[in-house]
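Notes to accompany the following structure.
Position 1 is the first residue of the sequence; numbering continues from there. Just so you know, ligand 1 is whichever comes first in the structure, and atom 1 is the first atom listed for that ligand.
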Amino acid sequence: MSTTVDPAPATAAFEIRPTSSPCPDAERAELLATPTFGTVFTDHMARVTWSAEHGWHDRRVEPYGPLALDPAAAVLHYGQEVFEGLKAYGHADGSVWTFRPWANATRFAASARRLALPELAVEDFLGSIEALVRTDAAWVPSGEETSLYLRPFMYASETFLGVRPAREVEYVAIASPVGPYFASGVKPVSIWVVRDYHRAGPGGTGAAKCGGNYAASLLPQQEAYARGCEQVCFLDAATHSELEELGGMNVFVVGADGSVRTPPLNGSILEGVTRSSVLTLLAEAGHDVQEAPIRLADLRAGLEDGSVAEVFACGTAAVVTPIGRLASDDFDLTVADGGTGPVTAAVRGQLTDIQYGRVSDTHGWMHRLL
Ligand SMILES: *Cc1c(COP(=O)(O)O)cnc(C)c1O
């Protein structure tokens with residue numbers, strides 16, 4: 001994942017149409033005091049409209065509110081939709097930053113391409129986020145491990161039941177003040193390894209960040225809950241033997257010898273920005289880091305004989321989350337020390353230190369919004 005040169009702010013291109021009924025200060029302060037994940041939204045949203053005829057136009061920030069959608073809008077029937085997820089972090093000096101947004105912008109364009117949606121220019125993606133966060137700056141929370149979660153998305157808005165790529169599309173970015181992703185905090189999670197379902201397959205949409213992948217993961221997720229596990233891990237659809245990823249997070253395995261492994265990008269795994277950053281940080285810390293297949297059989301054996309020391313998942317929302325238990329129909333294994341290993345904790349600390357501005361950003365990963 002490459003980091004491109006920080007482009008000039010494009011906020012000027014977005015017309016600000018402020019709400020006439022912003023959330024009262026006292027109410028907002030109360031909402032910001034105890035943020036949960038994705039339940040509260042700011043006063044505004046950024047939008048850009050696309051049509052085959054006019055291309056991308058009408059860049060604006062407008063009051064947050066329901067979107068008008070015809071019952072025959074293509075997205076409601078065929079799921080032509082992609083999204084992104086990134087965060088704005090408030091630093092101690094009052095400045096607000098986001099983490100590697102160029103990677104999200106590039107991935108958003110790649111996801112759009114796979115779903116036959118129009119690509120939004122990197123400048124418009126960044127411009128929409130800058131304009132939204134500057135307009136709703138009062139919504140950036142300041143508590144420990146809190147942030148303003150940004151959710152850009154794009155969907156087929158054309159009123160048309162025929163099956164072809166839509167000729168009318170909406171891009172919208174919304175923002176939500178959030179606390180830690182898992183209500184339980186940074187405690188190890190339990191994982192159910194799914195045998196009967198896959199979230200993606202060869203040639204499918206696994207490498208694109210689209211709602212459809214998540215829709216496919218919900219039933220297995222429900223079954224994991226029913227079996228007492230918090231998250232699911234999917235295996236590859238071709239051989240059913242190698243780990244791919246969780247429903248919305250990439251997975252890493254740390255050996256007792258300090259080596260680190262994550263599944264390679266095989267076309268059905270989502271290339272996480274966190275995954276890429278963790279690979280860099282662990283390599284710099286001197287670990288032997290490999291993007292190589294992880295066979296479930298080997299992982300089970302490694303957990304049993306102690307050659308696997310730590311397992312963790314990572315993604316923007318939950319950052320780095322230790323995995324303490326791995327189970328399926330025919331096994332139930334506990335990770336050493338219940339999953340509170342030192343490599344997981346160290347890389348989580350390093351990453352959040354960079355994101356919250358507690359250490360200098362030597363990689364050029366941070367982009368100032370405010
Ligand atoms: C978004 C996502 C991830 C994590 O990506 P980040 O860029 O690190 O947030 C991993 N897997 C899936 C399926 C995802 O949708």
Subject >> ligand 1 contacted by Asn213 (non-hydrogen, < 4.0 Å) >> reply: no
Subject >> Heavy-atom neighbours of Arg167 CZ exceed 12 at 6.0 Å >> reply: no
Original post:
With atoms numbered from 1 as shown, which atoms in ligand 1 lie under 4.0 angstrom from a non-hydrogen atom of Gly315?
Top reply: 4 (C), 8 (O), 9 (O)
**OP:** Provide the number and element of each atom of ligand 1 under 4.0 Å from a heavy atom of Arg107.
**Re:** 5 (O), 6 (P), 7 (O)
Original post:
How far is atom 8 (O) of ligand 1 from its nearest protein heavy atom, and which residue and atom name does that atom have?
Top reply: Thr274 OG1, 2.6 Å
**OP:** Give the residue and atom name of whichever protein heavy atom lies nearest to atom 15 (O) of ligand 1, and the separation in Å to one decimal.
**Re:** Tyr214 OH, 2.5 Å
**OP:** Compute whether any side-chain donor of one residue and acceptor of the other, for His91 and Trp97, lie under 3.5 angstrom apart.
**Re:** yes
Original post:
For atom 7 (O) of ligand 1, which candidate among Val278, Val273, Val319 holds the nearest heavy atom?
Top reply: Val273
Subject >> Test ring pair (Phe, Tyr, Trp, His ring centres under 6.0 Å) applied to Phe108 and Phe153, Tyr171, Phe83, the passing residue >> reply: Tyr171
Original post:
Looking at atom 3 (C) of ligand 1, what's its closest protein heavy atom, distance included?
Top reply: Gly248 O, 3.3 Å
Original post:
Thinking salt bridges, do Arg107 and Glu84 make one under a 4.0 Å N-O criterion?
Top reply: yes
**OP:** Would you please say whether a donor-acceptor pair under 3.5 Å links the side chains of Asp136 and Thr42?
**Re:** yes
Original post:
Which ligand 1 atoms, with their elements, are less than 4.0 angstrom from a heavy-atom of Arg199?
Top reply: 13 (C)
Subject >> Glu245 contact mode with ligand 1 (heavy-atom cut-off under 4.0 Å) >> reply: side chain
**OP:** Give the atoms of ligand 1, by number and element, whose distance to some non-hydrogen atom of Gly247 is under 4.0 Å.
**Re:** 13 (C)
Original post:
Numbering the atoms of ligand 1 from 1, which are under 4.0 Å from a heavy atom of Thr316?
Top reply: 6 (P), 7 (O), 8 (O), 9 (O)
Subject >> Spatial distance of atom CH2 (Trp365) from atom CG (Leu281) [nearest 0.5 Å] >> reply: 4.0 Å
**OP:** Would you verify whether the NZ or CZ of Arg164 falls within 45 degrees of the ring axis of Phe160 while also being under 6.0 Å from that six-membered ring's centre?
**Re:** yes
**OP:** Taking atom types as modelled, find out whether Arg227 and Tyr225 have a side-chain donor-acceptor pair closer than 3.5 angstrom.
**Re:** no
**OP:** Please state whether the rings of Phe41 and Tyr64 are parallel, tilted or perpendicular, taking 30° and 60° as the class boundaries.
**Re:** parallel
Subject >> Min heavy-atom dist Gly85 to ligand 1 below 4.0 Å >> reply: no
Subject >> For Gly272, atoms of ligand 1 separated by under 4.0 Å from a heavy atom >> reply: 5 (O), 6 (P), 7 (O), 8 (O)
Original post:
At what distance is the nearest protein heavy atom to atom 2 (C) of ligand 1, and which residue and atom is it?
Top reply: Lys209 NZ, 2.5 Å
